[in-house]
Amino acid sequence: MNSITFDFNLSALLRPNIRQLSAYRCARDEFKGEASVFLDANENSLGSFTAEEWNRYPDAYQQKVKEKLAELKGLSPANIFLGNGSDEPIDLLFRAFCEPGYDTAIITPPTYGMYEVQAAINNTPVVKALLNSDFSFPLQKVLSAIDTKTKLVFVCSPNNPTGKLVEKQDIATLLQAFKGIVVVDEAYIDFSPEGTVLPWIELFPNLVVLQTFSKAWGLAGLRAGVAYANSEIIAVLNRIKYPYNMNAFTQAQLLETLDKNQKMKQTVNELNREKQSLAAELRKIEMVKEVYASDANFLLVRVSEADKVYHLLQNKGIVVRNRSNQPLCHNCLRITIGKPEENIQLINALQEINKQLP
Ligand SMILES: *Cc1c(COP(=O)(O)O)cnc(C)c1O
């Protein structure tokens with residue numbers, strides 16, 4: 001893989017106020033080495049009133065977690081930012097690079113809704129390049145949409161809600177053509193690990209890869225997201241984050257879960273197998289018009305009357321995601337792969353609904 005051919009100037013891409021910002025230094029930032037008496041941060045020295053003690057501030061830079069994660073991914077801790085879900089790095093990227101009301105971001109609908117919400121919060125205009133009709137990445141449309149105000153391009157791979165991986169060659173072409181930041185959101189990449197572009201952060205100074213502990217790692221309740229990039233971009237995110245943005249409990253749980261990489265891969269294989277059998281069962285139902293191939297832990301399913309099916313499923317206590325109002329997703333439901341017994345329940349419910357429909 002070739003690197004970029006242009007001079008990448010991170011500092012010039014940043015908002016002027018961020019370029020000049022000096023970060024808040026929290027109590028432990030200035031201390032390096034061994035100590036046993038901590039009287040610097042106004043914590044309650046006597047402890048807390050919970051079964052486990054939480055009276056101390058957490059490590060502001062999550063060093064232990066980053067070391068373990070870096071080893072697993074073959075990177076350096078300096079390439080890693082940890083946040084309160086992927087939402088946090090997404091928000092920080094807007095705040096770092098997009099001057100509100102001026103700079104823009106490109107997204108490729110139908111895609112993850114948070115990019116647009118975070119853009120709106122930051123008053124960043126969003127330029128939309130629709131996916132191609134086969135849900136492939138609209139590379140040409142994206143390239144022609146780029147102009148001098150474009151700071152961020154979001155590439156969701158595998159994409160939510162279509163479940164489709166983006167061709168690596170398309171991402172490479174974009175990285176080589178665009179002098180802003182390319183954000184590749186790999187929230188579902190553990191379900192199709194061959195599709196990752198994570199190793200490219202060594203080659204492309206304009207690449208940010210987002211991953212999360214919410215999906216394959218099964219830790220959605222903890223809120224733990226990861227941004228990987230070259231150390232300069234990571235340093236910018238560190239400068240603008242909340243000082244103690246990841247709590248001590250989450251850090252401890254991440255340390256524990258990172259020892260269970262094999263278990264995670266087993267679960268992924270199980271879910272991928274379950275996905276194939278669910279897809280086969282769905283295709284047997286008359287009102288199911290199409291089940292799209294998926295590289296993630298959900299299926300996008302086109303039915304004859306999505307709104308009706310959605311509500312009838314809800315009446316039976318089954319909640320799926322109605323995506324029929326998204327572009328290219330007319331009459332589409334997004335269905336997460338459940339436990340085997342939940343998937344059977346879903347199929348039975350859909351068979352009953354199928355009989356009710358005209
Ligand atoms: C689920 C999901 C995430 C993860 O969000 P968290 O805030 O880390 O839970 C990120 N991107 C996409 C596309 C997702 O579907």
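Treat the numbers as computed from the prediction; the structure is a model and nothing was measured. Just so you know, ligand 1 is whichever comes first in the structure, and atom 1 is the first atom listed for that ligand.
- Proximity of Asp87 to ligand 1, defined as any heavy-atom pair under 4.0 Å, is shared by backbone and side chain alike.
- Under a 4.0 Å criterion applied to the non-hydrogen atoms of Lys215, ligand 1 contributes the atoms 1 (C), 2 (C), 3 (C), 4 (C), 14 (C), 15 (O).
- Every residue two or more places apart in sequence or in another chain was checked for a salt bridge (Lys or Arg N to Asp or Glu O under 4.0 Å) with Arg283, and none qualifies.
- Put simply, part of Tyr188 is less than 4.0 Å from ligand 1, judged by heavy atoms.
- Between Tyr115 and Phe154, the ring-plane angle classifies as parallel under the 30° and 60° cut-offs.
- Between Glu99 and Lys151, no side-chain nitrogen of the basic residue sits less than 4.0 Å from a carboxylate oxygen of the acidic one, so the salt-bridge criterion is not met.
- Shown in contact with Asn160 at under 4.0 Å from a heavy atom are these atoms of ligand 1, numbered in order with element: 13 (C), 15 (O).
- Within the structure, the closest approach of Cys156 to ligand 1 falls below 4.0 Å when heavy atoms are considered.
- For Pro193, there are no side-chain contact (heavy atoms from CB on, under 4.5 Å) partners two or more places apart in sequence or in a different chain.
- The shortest N or O to N or O distance between Tyr115 and ligand 1 is not below 3.5 Å.
- Under a 3.5 Å cut-off, the side chain of Thr124 and the backbone N or O of Ala120 do not form any donor-acceptor pair.
- Heavy atoms of Arg223 found under 4.0 angstrom from ligand 1 belong exclusively to the side chain.
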